[in-house]
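For reference, the structure discussed in these notes is given below.
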Amino acid sequence: MARTKKAQKENHDRWLVSYADLVTLLFAFFVVMFASTQSDKSRAKAISAAVENALQNGGIPPQVLAILGGTKAATPAPKTGQERTVQEKPLPAHLIDLAAAYGALREKLDPEIKNGAVELHIEERGIIIGLNSAVFFPSGGDSIDKSVFSILDKVASVLNQLPNPLRLEGHTDSVPINTARFQSNWELSAARGIAMLRALDENYGVARSRMAVVGYADTQSLESNESEEGRRKNRRVDIVIVSAYGMRSEPKPSPAAPVQNSQVRNSAGVH
């Protein structure tokens, strides 16, 4: 005689799942409504960011984060061997204003980032656009190769949309140089920064009053100078879009200074 199956006990608590989702969505809705009524935009952003962080830590679905203005990508872009640290975590509050510019640069410079001509990352002091000197300059020289102006055109299109100060930082490897034009890597690194300043000013109208030049020689290496690959990565010019946080330690520009007197300095104090 066949056994009769026991009837399964019906779960009467399933409605709680839908109810919890509804409460979460209502909460998000009222947070957005509250933030939109605040005249203090920075306070509204802080509230939104705090709620987003709380929801992320609580494992709330991305749809809710989208309602709060979250910018977390569904699928993060893969890293390449040529890139320095890529910002994947939510930006700190003092870098939010640069988020759009960072995204635009990543999109415009995607081919150059992949082939190693450009590196892009963001840190406390701002956005760093690393230009590979082997691509942009001849060996031991400071004249910009005309073939790379299409890259500078992409960079300048973003720079001209921002009010931020810019730092043009020249870097070399540790191999000594002593030519008729450059007696040391200090002079070469500063000269390449100056060449980049002139190119941005004369070809793209980037205001000289926004720019300063720094020559670091081989004192800020990214890789070991013991290998050719490391030396290649160390030879670069960084265009730094300085954040408000980074400007706290910078000297204030003089409003009476003429435009042609751009700040030209290096880390050794040479003017």
In terms of heavy-atom contacts, Lys233 and Glu223 come closest through CD-CG, 3.7 Å
Same cluster (ILVMFWY, side-chain, under 4.5 Å), Leu120 and Leu168: yes
Kindly work out whether a path of hydrophobic side-chain contacts (I/L/V/M/F/W/Y, heavy atoms less than 4.5 Å apart) joins Leu98 to Leu109. yes
Say you draw a straight line from OG of Ser150 to CG of Leu152; how long is it, rounded to the nearest 0.5 Å? 8.0 Å
To the nearest 0.5 Å, atom CZ of Arg192 lies from atom OG1 of Thr172 at 8.0 Å
Polar contact flag, side-chain donor to acceptor under 3.5 angstrom, His121-Glu119: no
Between Asn185 (side chain only) and Val175 (backbone N and O only), is there a donor and an acceptor less than 3.5 Å apart? yes
Would you kindly confirm whether Ile122 and Val237 end up in one hydrophobic cluster when ILVMFWY residues are joined by side chain heavy atoms under 4.5 Å apart? yes
So, for Asn132 and Gly116, which heavy atoms are closest and what is the spacing to 0.1 Å? ND2-O, 3.5 Å
ILVMFWY cluster, Leu105 and Phe149 together (side-chain gap under 4.5 Å): yes
Can any side-chain N or O of Asp201 pair as donor or acceptor with the backbone N or O of Leu197 at less than 3.5 Å? no
Between Ser221 and Ser224, is there a donor-acceptor pair closer than 3.5 Å when you use the side chain of the first and the backbone of the second? no
Tell me if a side-chain donor or acceptor on Asp238 pairs with a main-chain N or O of Val240 at a distance below 3.5 Å. no
For the student: nearest non-hydrogen atoms of Ser133 and His171, plus distance: OG-O, 4.4 Å
Backbone of Arg125 reached by a side-chain donor or acceptor of Ser243 within 3.5 Å: yes
Candidates Leu166, Asn160, Asn164 - the one meeting side chain to side chain contact (heavy atoms under 4.5 Å, CB included) with Leu162: Asn164
On a heavy-atom basis, which atom in Ala191 and which in Asp142 lie closest, and how many Å separate them? CB-OD2, 3.6 Å
Does any part of the side chain of Val135, heavy atoms only, come nearer than 4.5 Å to the side chain of Asp145, both counted from C-beta? no
Roughly how far apart are Asn225 CG and Arg232 CZ, rounded to 0.5 Å? 13.0 Å
Heavy-atom donor-acceptor pair, Lys108 side chain to Lys154 backbone, under 3.5 Å: no
Find out if a path of hydrophobic residues (ILVMFWY) with successive side-chain heavy-atom gaps under 4.5 Å connects Phe137 to Ile194. yes
Just wondering, more than 12 heavy atoms not from Glu202 lying within 6.0 Å of its CD? yes
Separation between CD1 of Ile128 and CD of Glu169, rounded to the nearest 0.5 Å: 7.5 Å
How many angstroms lie between atom CG of Leu131 and atom CZ of Phe136, to the nearest 0.5 angstrom? 4.0 Å
Any idea which heavy atoms bring Ala190 and Val213 closest together, and the distance? O-CG1, 3.6 Å
Kindly give the heavy-atom pair with the smallest separation between Ala117 and Ile151, and that separation in Å. CB-CD1, 4.5 Å
Are side-chain heavy atoms of Val155 and Tyr204 found at a separation under 4.5 Å? no
Nearest 0.5 Å, please: how far is CG in Leu188 from CG in Asn178? 12.0 Å
